[in-house]
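A quick write-up on the structure given underneath.
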Amino acid sequence: TVGTSIMGLGGSLAERRGYSGSFFTGVLAVIVAAPCTAPFMGVALGFALTQPAGTGLAIFMALGFGMALPYLALSFAPALLKLLPRPGAWMERLKQFLAIPIYGWVLYLLWVLAQQASLTVVLLTLGLLLFLALGGTAYEALRAKTRPARPALARLGMLVALVAVMGVTVTFLPRGGGASAEASAYTETIPSVPFSETALSELRGEGRTVFVNFTAAWCITCLLNERVVFTDPRVTERLQAQNVVYMKGDWTNRDAEIARALERFGRPGVPLYVVYRPGEAPRVLPQVLTPDILLGAIEN
């Protein structure tokens with residue numbers, strides 16, 4: 001609702017004739033689709049950013065070709081246009097339905113916030129969300145009025161609500177701190193030690209095999225890997241049988257030492273899984289982890 005004017009600008013550019021209209025149609029499609037596709041493309045983009053220019057460019061070209069493929073198919077087979085749904089009231093209902101998973105995502109982010117800060121901060125955030133909801137309701141009620149002052153008042157009220165939310169957030173949210181013990185409570189079946197370069201060096205000096213898990217409560221891929229891998233009885237038994245040290249670098253609240261370790265391996269963020277075997281160079285495991293991949297790396 002708030003971004004209608006921006007979408008209108010993009011629509012007017014996309015309606016141009018010739019190649020410029022085709023170009024802006026593609027730009028608009030990518031901008032609209034990017035937030036929805038980001039969770040699925042995150043691994044590919046993270047990999048592309050760590051590769052040489054040629055490999056990275058090839059990955060981005062493949063992503064662009066994938067986004068252009070529906071338009072390409074319709075241009076070669078215009079009869080397929082008959083299969084596309086016509087605009088109508090169903091679009092509004094679909095938009096409202098798709099808001100439900102977004103609300104669910106907000107709940108997940110509140111859980112992440114609870115790992116980073118106190119319940120007081122969570123309650124404050126809920127109050128700010130309520131304030132935003134009231135501002136959005138007022139905006140929707142006033143923006144359609146014919147009097148010139150009312151739409152302007154609606155925009156001003158929404159702006160005040162956004163500024164208030166941002167100001168309180170910057171003032172009260174934590175600037176960092178220790179790792180959260182609750183971020184991955186279900187991994188307690190495998191005892192872990194907090195990551196530190198000193199402890200890692202000492203363990204390697206003792207000839208121990210160390211598995212380092214760089215993770216964060218806000219990282220969906222990390223949580224999914226932990227749910228699949230670290231609850232597998234084979235993994236638990238094998239790590240304990242071979243006396244492997246499980247070291248966890250929790251980046252939920254960010255940490256300078258963990259950031260330096262990620263940078264050393266050319267990674268902009270988590271997840272990052274590294275196996276240190278005695279007398280061998282560190283081995284980086286894939287971002288999408290499985291029990292077999294981990295056990296194979298541990299046993300070489």
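Sequence positions, counted from 1, serve as the residue numbers for this chain. The structure displayed is predicted, hence computed values, not measured ones.
Using modelled atom types, no side-chain atom of Thr252 and backbone atom of Ala216 make a donor-acceptor pair closer than 3.5 Å. One N or O on the side chain of Arg277 and one on the backbone of Ile298 form a donor-acceptor pair closer than 3.5 Å.
Annotation: the span from Gln116 atom CD to Asn253 atom CG amounts to 4.5 Å, rounded to 0.5 Å. A distance of 7.5 Å separates CG in Leu295 from CG in Asp232, rounded to the nearest 0.5 Å. Interatomic distance, CG of Leu113 versus CG of Leu126, reported as 9.0 Å (0.5 Å rounding).
Under the side chain to side chain contact (heavy atoms under 4.5 Å, CB included) criterion, Arg86 pairs with no residue, sequence neighbours left out. Looking at residues two or more places apart in sequence or on another chain, you find a side chain to side chain contact (heavy atoms under 4.5 Å, CB included) between Leu57 and Met61. Listed by chain and number, the residues in a salt bridge (charged side-chain N to carboxylate O under 4.0 Å, His left out) with Glu92 are Lys95 (sequence neighbours excluded). In this structure, the side chain to side chain donor-acceptor pair (under 3.5 Å) partners of Tyr273, at least two apart in sequence or on a different chain, are Asn225. Residues satisfying the side chain to side chain contact (heavy atoms under 4.5 Å, CB included) criterion with Ser22, sequence neighbours excluded, are absent altogether. Evaluation of the side chain to side chain donor-acceptor pair (under 3.5 Å) rule for Arg238 yields Glu299 as partners, not counting sequence neighbours. Arg208 is linked by a salt bridge (charged side-chain N to carboxylate O under 4.0 Å, His left out) to nothing, counting only residues two or more places apart in sequence or in another chain. For Glu197, the salt bridge (charged side-chain N to carboxylate O under 4.0 Å, His left out) partners at least two apart in sequence or on another chain are Arg264. Qualifying side chain to side chain contact (heavy atoms under 4.5 Å, CB included) partners for Glu202, counting only residues two or more places apart in sequence or in other chains: Thr198.
What you find for Pro191 and Gln240 is that their closest heavy atoms are CD-NE2, 4.4 Å. Shown here for Pro291 and Val235, the closest heavy-atom pair between the two residues is CB-CG2, 3.9 Å. Nearest heavy atoms, Leu294 versus Val229: CD2-CG1, 3.7 Å. For Gln287 against Pro271, the heavy-atom pair with the smallest separation is NE2-O, 3.6 Å. Contact between Ala199 and Met247 at its shortest, heavy atoms only, is CB-CE, 4.1 Å. Counting all heavy atoms, side chain and backbone alike, Ala217 lies closest to Gln115 at CB-CG, 4.1 Å.
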**Request:** For side-chain contact (heavy atoms from CB on, under 4.5 Å), just list the numbers for Val245 and Val193, CA-CA rounded to whole Å, side-chain angles, deciding distance to a tenth of an Å, and then say yes or no.
**Result:** CA-CA 8 Å; Val245 178; Val193 297; 3.9 Å; yes

**Message:** Determine whether Ile258 and Leu262 satisfy the following criterion, side-chain contact (heavy atoms from CB on, under 4.5 Å), listing intermediate values before the conclusion.
**Reply:** CA-CA 6 Å; Ile258 294 177; Leu262 295 173; 4.2 Å; yes

**Message:** Checking Thr290 against Val228 for the side-chain contact (heavy atoms from CB on, under 4.5 Å) test, could you report, in this order, the C-alpha distance in whole Å, the side-chain angles of both residues, the deciding distance, and whether it holds?
**Reply:** CA-CA 7 Å; Thr290 66; Val228 171; 5.9 Å; no

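Looking at Glu226 and Thr215, their side chains do bring a donor and an acceptor atom within 3.5 Å of each other.
Screening residues 207-229 for ring-ring contact (aromatic ring centres under 6.0 Å, His included), with sequence neighbours left out, gives Phe195-Phe214, Phe211-Phe230, Phe211-Tyr246. The list of ring-ring contact (aromatic ring centres under 6.0 Å, His included) pairs with a residue in residues 77-103, not counting sequence neighbours, is empty.
One hydrophobic cluster, built from ILVMFWY side chains closer than 4.5 Å, holds both Ile100 and Met91. The hydrophobic clustering, which links ILVMFWY residues whose side-chain heavy atoms are closer than 4.5 Å, places Leu98 and Trp105 apart.
For Tyr108, the OH atom is densely surrounded, since the number of other residues' heavy atoms within 6.0 Å is greater than 12. Counting heavy-atom neighbours within 6.0 Å of Glu263 CD, excluding the residue itself, gives a total of 12 or less.
Lys248 and Asp250 are not joined by a salt bridge, as no carboxylate oxygen comes within less than 4.0 angstrom of a charged side-chain nitrogen.
With Tyr276 as the fixed residue, the side chain to side chain contact (heavy atoms under 4.5 Å, CB included) test singles out one of Leu200, Thr209, Val244: Leu200.
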What pairs of donor and acceptor atoms, side-chain ones from residues 68-82 against any protein atom, are under 3.5 angstrom apart with sequence neighbours left out?
residue: Ser75; atom: OG; partner: Tyr71; partner atom: O; Å: 3.4
residue: Ser75; atom: OG; partner: Leu72; partner atom: O; Å: 2.7

